[in-house]
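All of these numbers come straight from a predicted model, not from anything done at the bench. Chain naming here is simple, since letters A, B, ... match the order of the sequence lines and numbering starts at 1 in each.
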Amino acid sequence: MLNKKIAIDTMAARVIPCLDVDKGRVVKGVNFVNLIDAGDPVEQASIYNDEGADELVFLDITASSDYRKTVLDAVRRTAESVFIPLTVGGGIRSVQDFRDTLRAGADKVSINTSAVERPELVSESAKTCGSQCVVVAIDAKRNNKMPSGFVVVTHGGRKERGIDAVKWAREAEDRGAGEILLTSMDRDGTKDGFDLELTSAIASAVAIPVIASGGAGSPKDFVDAIKCGASAVLAASVFHFKQFRICEVKRAMKRAGIIIRES
Amino acid sequence: MHIPKIGVIDYEMGNLHSVSKALLNAGADVKILTEPFELERVDCVVLPGVGNFGDAMQRLREKNFEEKIRSWILSKKPFLGICLGLQVLFEFSEESMETKGMGIYQGSVKRFPAEANGKKMIVPAMGWNSISAKKNGILSDLDEKRFYFVHSYYAEPHNQEVIAATSNYGIEYCSALEDDSILALQFHPEKSGRDGINLLKIFIKRIGK
């Protein structure tokens with residue numbers, strides 16, 4: 001049945017809504033201030049699933065680690081009823097955190113600051129849990145002093161780490177990351193569109209999937225990010241505040257000749 | 001139709017929870033199997049698994065599951081392999097050449113090429129890809145549907161008769177295997193939304209007959 005012809009591309013570009021979770025509840029806010037309780041993560045996950053989300057990301061923004069169990073409980077309940085891939089990030093510091101999060105039902109775990117501070121965490125978690133579940137989240141900002149023009153930042157963009165973003169992406173790949181979640185901190189919250197130069201710089205430097213994030217303001221922005229080499233696009237507020245829906249993003253992508261999953 | 005008792009093998013390689021919940025949702029009676037002798041208590045065995053081929057084989061051997069699974073499959077009892085649960089049925093994998101697979105099916109597991117059709121390949125292949133299903137096979141009603149894949153390696157069976165579906169990712173490869181009541185999938189039905197649950201329902205219905 002295999003006929004060894006040249007295979008045409010059939011893999012769909014992914015549209016991923018991100019849910020900010022604080023103490024086990026979904027919150028909506030702009031730049032993490034004026035947070036409004038927006039309900040139960042399981043309900044919200046189920047709504048996004050019905051709307052055609054290809055994956056879900058839970059970002060635990062709870063400052064205190066006392067609530068770790070609450071988040072894992074939300075992950076568990078979501079994984080029991082929503083049968084699409086779920087990535088969980090925020091506060092993951094050790095291989096044990098990885099294990100606990102995966103055991104609760106997450107398919108992938110994203111690490112950010114803890115990976116910048118201790119890159120071995122990428123290799124250790126990839127070795128123990130498999131590369132397919134290790135997502136390295138990179139927050140980057142424009143900086144002319146860096147060879148690529150982009151610097152790695154942490155702490156919501158406040159702390160520049162003096163590391164070139166492209167170099168860090170390559171290191172994460174070498175250490176076994178299965179995917180990169182790339183956020184432009186210059187664009188995050190602006191709705192001016194994804195930073196396409198950043199997306200293209202990282203996507204062309206690595207051979208693992210790159211999720212573009214930060215700055216989505218219209219369905220066309222998602223199209224542009226995919227055209228720049230991203231395998232997936234992520235947004236939080238535009239979907240939360242129903243500025244437009246996932247299906248509208250997919251419609252725009254389809255019109256632009258991008259393969260999508262119709263649901 | 002009776003509700004089949006499905007045993008999911010727990011060998012500490014991945015997302016048991018999601019697989020069990022999806023099977024439950026699709027109407028099965030699910031039991032987690034932590035010991036080889038427990039296979040005797042179920043109608044069907046599910047071998048899930050994500051991670052490294054070598055680690056998976058090592059765990060299956062340490063926990064004495066290998067021989068039980070082999071005789072289960074060779075006697076053509078209902079079996080479902082998912083992701084690594086498909087790959088370990090073959091002789092060996094480029095992912096860890098030093099560890100042999102179960103070798104129930106002839107053939108090997110290969111890594112996606114770094115480049116195909118003059119384009120850089122993104123590996124792992126991650127996301128929703130479509131399948132092209134064999135006519136009159138168990139997946140024929142799901143032809144052209146999309147399922148969730150995440151893998152860097154793919155199986156290449158010697159016997160092309162067992163290929164139940166193919167998918168394209170730079171190359172055309174075997175994304176599902178069917179041999180009598182044995183079904184093995186490279187993709188994750190438990191993560192593939194409604195179509196994934198439908199696939200599990202079709203499988204459960206068949207073994208419940």
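Proximity to chain A (any heavy atom under 4.5 Å) is shown, for B:Ala125, by both the backbone and the side chain. Looking at A:Ala13, neither its backbone nor its side chain comes within 4.5 Å of chain B, counting heavy atoms on both sides. Looking at B:Leu24, neither its backbone nor its side chain comes within 4.5 Å of chain A, counting heavy atoms on both sides. For A:Ala106, the part lying under 4.5 angstrom from a heavy atom of chain B is the backbone only. For A:Ala232, no part lies near chain B; criterion is any non-hydrogen pair under 4.5 Å. For a residue to count as touching a neighbouring chain, one of its non-hydrogen atoms must lie under 4.5 Å from one of that chain's; by this rule B:Met121 touches chain A with the backbone only. If you measure heavy-atom distances from A:Val210 to chain B, you find no contacts under 4.5 Å at all. Only the side chain of B:Asn25 comes within contact range of chain A, judged by heavy atoms closer than 4.5 Å.
Closest heavy-atom contact between B:Ile122 and A:Ile208: CG2-C, 3.5 Å. Here the shortest heavy-atom pairing between A:Gly105 and B:Ser18 reads O-OG, 4.1 Å. Closest approach of B:Trp128 to A:Pro85, counting heavy atoms only: CZ2-CD, 4.2 Å.
No more than 12 heavy atoms of other residues, nucleotides or ligands shown are found within 6.0 angstrom of CD on A:Glu197. Remark: B:Lys63 NZ is packed, more than 12 non-hydrogen atoms of other residues, nucleotides or ligands lying under 6.0 Å away. At most 12 heavy atoms of other shown residues, nucleotides or ligands fall within 6.0 angstrom of atom NZ in B:Lys5. A 6.0 Å sphere centred on CD of B:Glu144 holds no more than 12 heavy atoms belonging to other residues, nucleotides or ligands.
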Would you check, one step at a time, whether the test side chain to side chain contact (heavy atoms under 4.5 Å, CB included) holds for A:Ile260 with B:Arg146?
-> CA-CA 10 Å; A:Ile260 53 145; B:Arg146 288 188 179 278; over 6 Å; no
Evaluate the criterion side chain to side chain contact (heavy atoms under 4.5 Å, CB included) for residue pair A:Ile84 and B:Tyr148; output intermediate values, then yes/no.
-> CA-CA 8 Å; A:Ile84 59 173; B:Tyr148 191 80; over 6 Å; no
Residue pair B:Tyr169, A:Met11: steps toward the side chain to side chain contact (heavy atoms under 4.5 Å, CB included) verdict = CA-CA 7 Å; B:Tyr169 195 69; A:Met11 184 68 91; 3.8 Å; yes
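Among A:Arg261, A:Glu179, A:Arg14, A:Glu262, the residue making the largest number of heavy-atom pairs under 4.5 Å with chain B is A:Arg261. Of all the listed residues (A:Gly130, A:Pro209, A:Ser231), the one sharing the greatest number of non-hydrogen pairs under 4.5 Å with chain B is A:Pro209. With chain B as the partner, the residue from A:Asn49, A:Asp107, A:Leu102, A:Thr128 showing the most heavy-atom pairs under 4.5 Å is A:Asp107. Of the listed residues (A:Lys108, A:Arg76, A:Arg103), the greatest number of heavy-atom pairs within a distance under 4.5 Å of chain B belongs to A:Lys108. When each of B:Met126, B:Lys119, B:Glu161 is scored by its heavy-atom pairs under 4.5 Å with chain A, the top score falls to B:Met126.
Looking at A:Gln132 and B:His151, their side chains never come closer than 4.5 Å, going by heavy atoms from C-beta outward. Contact check for A:Cys133 versus B:Val50: no side-chain heavy atoms found under the 4.5 Å cut-off. Residues B:Lys191 and A:Glu55 are not in side-chain contact: their nearest non-hydrogen atoms beyond the backbone lie 4.5 Å or more apart. A:Asp9 is not listed as a side-chain neighbour of B:Asn168, based on a closest heavy-atom distance of 4.5 Å or more.
For the atom pair CG (B:Asp55) and SG (A:Cys129), the distance works out to 10.5 Å, reported to the nearest 0.5 Å. Taking CZ of A:Phe83 as the reference point, atom CZ of B:Arg194 lies at 13.5 Å (rounded to 0.5 Å). In this structure, NZ in B:Lys120 is found 6.0 Å from OG in A:Ser204, a value given to the nearest 0.5 Å.
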